[in-house]
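Chain naming here is simple, since letters A, B, ... match the order of the sequence lines and numbering starts at 1 in each.
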Amino acid sequence: MPEISKAYEPQAVEEKWYQFWLDQKAFEANPDSAKPPYSIVIPPPNVTGMLHMGHVLNNTIQDILSRKARMEGKEVLWLPGTDHAGIATQAVVEKTLRKQGLMKHRDDLGREAFLQHVWAWKEKHGGIIIQQLKKLGCSCDWSRQRFTMDPDYSRCVQKVFVELYKKDLIYRGKRMVNWDPAARTALSDEEVEMTETKGHLWHFKYPLLNADGQVAEGEFVVVATTRPETMLGDEAVAVNPKDPRYEAIVGRRCLLPIQNKPIPIIGDDFVDPKFGTGCVKVTPAHDPNDYQMAARHNLPCTTVIGPDGAMTAEAGAAYAGVDRAEARKLVIQALTELGLLLKVEDYVHNVGHSQRSGVPIEPYLSEQWFLKYPGVDASASAVAEGRISFHPERWSKTYAHWMTNLRDWCISRQLWWGHRVPVWYHRTTGEVYCGLDAPEDAANWLQDTDVLDTWFSSWLWPFATMGWPDKTSTLARFYPTVDLVTGPDIIFFWVARMIMAGYEFMGDLPFRHVYFTGIIRDKLGRKMSKSLGNSPDPLELIAKYGADALRFGTMRSAPLGQDVLFDEKDVELGRNFCNKLWNACRFRQMQGGEVQGEIRPELLSGDDRWILMRLDQAIGEITTAFAEYRFNEATQALYRFFWSEYCDWYVEATKAVLHGTDAVRKANTLAVIDFILSHALRLFHPFLPFITEDLWQGMGYNQDMPADQGGVTIMFAPWPKQLGDDFRAHYGLSPALMDAVSLKYELVSQGRNLKREAKIQAGKKVGYILKPALPLSAEDTEVMRLLLNAETLEVNPDYVSAKGTPVVHSPLGELYMPLTGLVDESAERDRLKREMEKIEVEITKGEQRLNNPAFTEKAPPQVLQEHRQRLSDWIAKRDQIRAAQERLGA
RNA sequence: GCGCGGUUAGCUCAGUGGUAGAGCACUUCCUUGACACGGAAGGGGUCACAGGUUCGAACCCUGUAUCGCGCACCA
């Protein structure tokens, strides 16, 4: 590697390595490989989409899983693609075309011409998010990229429709559905969001009629409603038949004001006598409950609000064509003028809003297609019994609840962009034909104009992307997939439905593990949204800090199952970490010499052994973290190991050897460094793909590896395993040794603190004297001197300090900082006093515990021993401090 | 109403039975031949509250408060 720059510059390398990986076909899955398979399908982003922080989190996790699996020697398929997103895409294109003045309404163009525009738009803009995923470093198999409107995929959707239709699981019927008046289409129950809304409860008087049809003077029923405009379609007033207040009027009629239409008063158990006035106006065509009541009482349905949200002709000439919101005002005004408005109350209630367009949902009676879910029992038990595991597990409860309260899925949408319902109606006989292709005498048939819900195509994603219904080698090899990474907000929309489709069409589950990410919020805890402008552009962050920095920062702050409060500081931290990694490698490079292979055990220092054990520990922690899908813990373990252990202590300690003259020792130290770095780079690779590849090759760690195991790219370098018992024995690694080295570093910290306490500038070098309690090697002493940044470190077992010499104590001995003429006796006395106070608190705590017979009898021996050791350490320290105090004459 | 989460340092959060942790922010000092995107040393927490279980509780149990989310809803 040539002389490398002082700071890591991600822009210089990211593009290069991504292209390198593509050229190597390193992302492409080979179904004929002998390696064990690992597969994952991407949650297809909307083809209209732009990369946002949620995508970054989600896809970084998938990339980490994929890259780690490759390093573990698996044949990896990460299958990417996009979703046609019916409503969203159609809305975007309609808006564009209106802006361009090409149409006012899509009817102006007609279905075929309009769809041509959508396809053109898709060709132009649909690949943006894919390009963005590449910038993030995603190692998807782009040769298998799919789109839910690809011809093959469409064929799958139609095939599924036809099969389910023939099984009588899909049917058409006139039902009350959730209607989005802005998008002018039906929606499924899941696409309706209930939002608490401040409204009013209007109380209206409807005059009662006598048996002869005349208004009964002074007699009224009072109904309460949140939606006055619907009264134009009232067909009855309902009361509870057991309500004594209204027993007498059941069976009479009242006059529907404005319409001046007599309507019956019916008795129905649905009515809660305790709510409102106990009288309910019944609007069969515009309320699901009223619709059911109407069915029970054979009432007609009068539709007064049309599919566009405007009043129909049946609402009356004064209202026809008026928007529902405006009509509300007019109705209130009219009833007020008639003297029929009794009162208005403020009222907070939940109103269904379209998840897509945000407008209030209109219950609307229309012909729609419905699906009775297949494979429900198998799907429910798969999760309940753990064949599919959720992470975090708690989502399985949400899933189970939904699965046991299933209602038929409204799958038809009154859109043009999407998979058209494969059903034809005979023009003359009215015969219904359902099939993959149009009937032969196509001219005699009309195809259903509806398209299918986008989720009705994406629920097939795990197998339709792999070539189903053909028995492809990809399918045989990679289905079921292993992991699915997605947001809990689509657990019903997508996850549950994919499981059902998997059992119904493949006879097997689609994935074994589902990882639910948190939601990325801003640092104030608000959801990210375009209107708030609080959503950072990941591409800008990548340009500023690098893709690795964005990935690392995001993963480090994203705990399993919790929302993530995103702060640009997190990315900055990632950038700083990359720079640290870079400079650690730069330091190694500046020591010169080839990559060192064999480590000679007899030449290892305590520090060498310590860092090898720390590496071992970090690998262990990372392994556990991965097994539990705790990615943030893995990044934190890596961060701590590399920065706080390797760089802060080990690298500094090695300078004793590296700046020395013993070439053999120096080579062995470099061998340890190379061992650590080559392992660290591999451990980091799934999180930081770009910088690790650059350093892997730049440092030459690829040179000794077989081509397919790291020789060409770090992507296939073996994933580090914990050091085995043989390795530990060979290199003399033991926990006791690790503790001894840790004590050395702790004593250094204490010694540095002495300088600060004595207010000596950090840059000024002083001499220390160590009075050892245990034998220390000359090298240990030199390492300590270096770490203390000391002028000298004299080891003197017989040292007798002058009065007031600052000193710290440790099991290794006493470390003095003699400062002739500079000693501030009272400052030292204060310091010792503070120290003593802390120690005494600890000793009291320890003694209390150990004097408690219940503790000594019941605590496990290991814990007991730990506490005894701790107490005796504190007591030893107290004795040392006390001696120092006595010398000071305190 | 039912269910699920959260409540730990100034901020954001880790930590599921055995000495309270990290990053950022803060204080003081340092441009020493990897790194100022850096180094060193510090200050800062009755772990929301109340009971209980235990030798021992931030952690387990019960309850309360509070914030957030989901589901279900009566006009």
Side-chain angles (χ1 to χ4, degrees), chain A residues 4 6-8 193-194 201-202 223-227 230 238 270-283 287 289-290 347 349-350 392 394-395 397-398 401-402 405 488-489 491-492 519 521 523 525 545 549 553 556-559 561-567 569-570 572-591 630 632-633 636 639-640 644 647-648 651-652 655 659 748-750 752-757 759-765 787-789 842 845-846 849 852-860 862-864 866-867 870 873-874:
Chain A
I4 67 179
K6 198 172 166 182
Y8 174 54
E193 280 180 347
M194 302 301 282
L201 198 56
W202 283 272
V223 295
T225 181
T226 54
R227 299 199 59 195
T230 64
F270 169 78
V271 181
D272 176 1
K274 290 189 286 293
F275 187 88
T277 62
C279 297
V280 182
K281 60 188 268 317
V282 181
T283 320
D287 183 281
N289 292 315
D290 292 3
Y347 188 65
H349 61 144
N350 287 324
R394 64 185 147 86
W395 290 110
K397 206 164 177 175
T398 305
H401 181 257
W402 189 74
N405 292 282
D489 50 332
I491 188 168
F492 311 137
I519 295 167
R521 299 172 177 279
K523 61 181 167 185
Y545 298 105
R556 195 174 174 286
S557 60
Q562 300 296 340
D563 287 355
V564 184
L565 268 60
F566 177 81
D567 188 338
K569 290 265 184 205
D570 295 327
E572 208 174 300
L573 173 123
R575 191 252 336 241
N576 295 353
F577 185 73
C578 289
N579 192 54
K580 191 73 177 177
L581 180 59
W582 181 260
N583 274 288
C585 289
R586 182 164 171 256
F587 171 76
R588 162 64 186 94
Q589 187 202 42
M590 289 169 77
Q591 307 311 312
R630 295 177 179 273
N632 71 317
E633 283 181 18
Q636 286 181 29
Y639 186 98
R640 189 212 61 231
S644 307
C647 290
D648 285 352
V651 169
E652 295 307 317
K655 290 177 182 173
H659 295 170
V748 167
S749 287
Q750 288 177 287
R752 288 165 174 169
N753 178 245
L754 280 181
K755 265 173 87 171
R756 173 193 152 87
E757 293 281 345
K759 298 198 165 37
I760 297 169
Q761 287 205 331
K764 187 172 161 64
K765 292 199 171 191
L787 293 174
L788 282 163
N789 193 27
E842 294 299 332
K845 268 189 350 201
R849 193 170 292 144
N852 180 356
F855 174 69
T856 49
E857 282 160 26
K858 294 190 182 176
Q862 201 187 332
V863 171
L864 190 57
E866 241 177 70
H867 283 267
R870 203 178 296 154
D873 286 351
W874 284 118

According to a strict under-4.0 Å criterion, is [X] in side-chain N/O contact with OP1 or OP2 of [N]?
| X | N | value |
| --- | --- | --- |
| A:Asn405 | B:rC71 | no |
| A:Lys397 | B:rG3 | no |
| A:Asn289 | B:rA75 | no |
| A:Thr856 | B:rC55 | no |
| A:Arg394 | B:rC4 | no |
| A:Lys655 | B:rA34 | yes |
| A:Arg630 | B:rG15 | yes |

Remember a base hit wins even if backbone is also touched, and classify [X] as base, sugar-phosphate or nothing at under 4.0 Å, heavy atoms.
| X | result |
| --- | --- |
| A:Asp648 | sugar-phosphate |
| A:Arg556 | sugar-phosphate |
| A:Val282 | nothing |
| A:Arg870 | base |
| A:Val271 | base |
| A:Glu857 | nothing |
| A:Asp272 | base |
| A:Lys6 | sugar-phosphate |
| A:Lys580 | base |
| A:Arg575 | base |
| A:Pro488 | nothing |

Taking atom types as they are modelled, is there a donor-acceptor pair under 3.5 Å from the base of B:rA34 to the side chain of A:Glu652?
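Between B:rA34 and A:Glu652, which were checked side chain against base, a qualifying N/O pair under 3.5 Å is present.
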Just to be sure I understand: a Watson-Crick pair is purine N1 to pyrimidine N3 plus N6-O4 or O6-N4, both under 3.5 Å. Using that and G-U wobbles, which stems of three or more pairs involve RNA chain B?
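Stems found: B:1-7 with B:65-71, B:10-13 with B:21-24, B:26-30 with B:38-42, B:48-52 with B:60-64.
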Quick one: list whatever passes ring pair (Phe, Tyr, Trp, His ring centres under 6.0 Å) with A:His401, sequence neighbours left out.
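Result, ring pair (Phe, Tyr, Trp, His ring centres under 6.0 Å) vs A:His401: none returned.
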Using atom C1' in both nucleotides, what's the gap between B:rA14 and B:rC59 to the nearest angstrom?
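These two C1' atoms come out 13 Å apart once rounded.
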For A:Tyr545, all residues meeting side-chain hydrogen bond (donor to acceptor under 3.5 Å, both in side chains), sequence neighbours excluded
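Checked A:Tyr545 against side-chain hydrogen bond (donor to acceptor under 3.5 Å, both in side chains); matches are A:Glu568.
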Within the 4.5 Å heavy-atom criterion, are A:Tyr8 and A:Lys580 side-chain neighbours or not?
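They are not in contact (no side-chain heavy atoms under 4.5 Å apart), so the answer is no.
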Rounded to the nearest 0.5 Å, what's the gap from CD on A:Glu572 to CG on A:Asp570? Could you check?
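Output value for this atom pair is 10.0 Å.
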Assess the side chains of A:Asn583 and A:Arg586: does a donor N or O sit below 3.5 Å from an acceptor N or O?
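There is such a pair (donor and acceptor under 3.5 Å, judged by atom type) between the side chains of A:Asn583 and A:Arg586.
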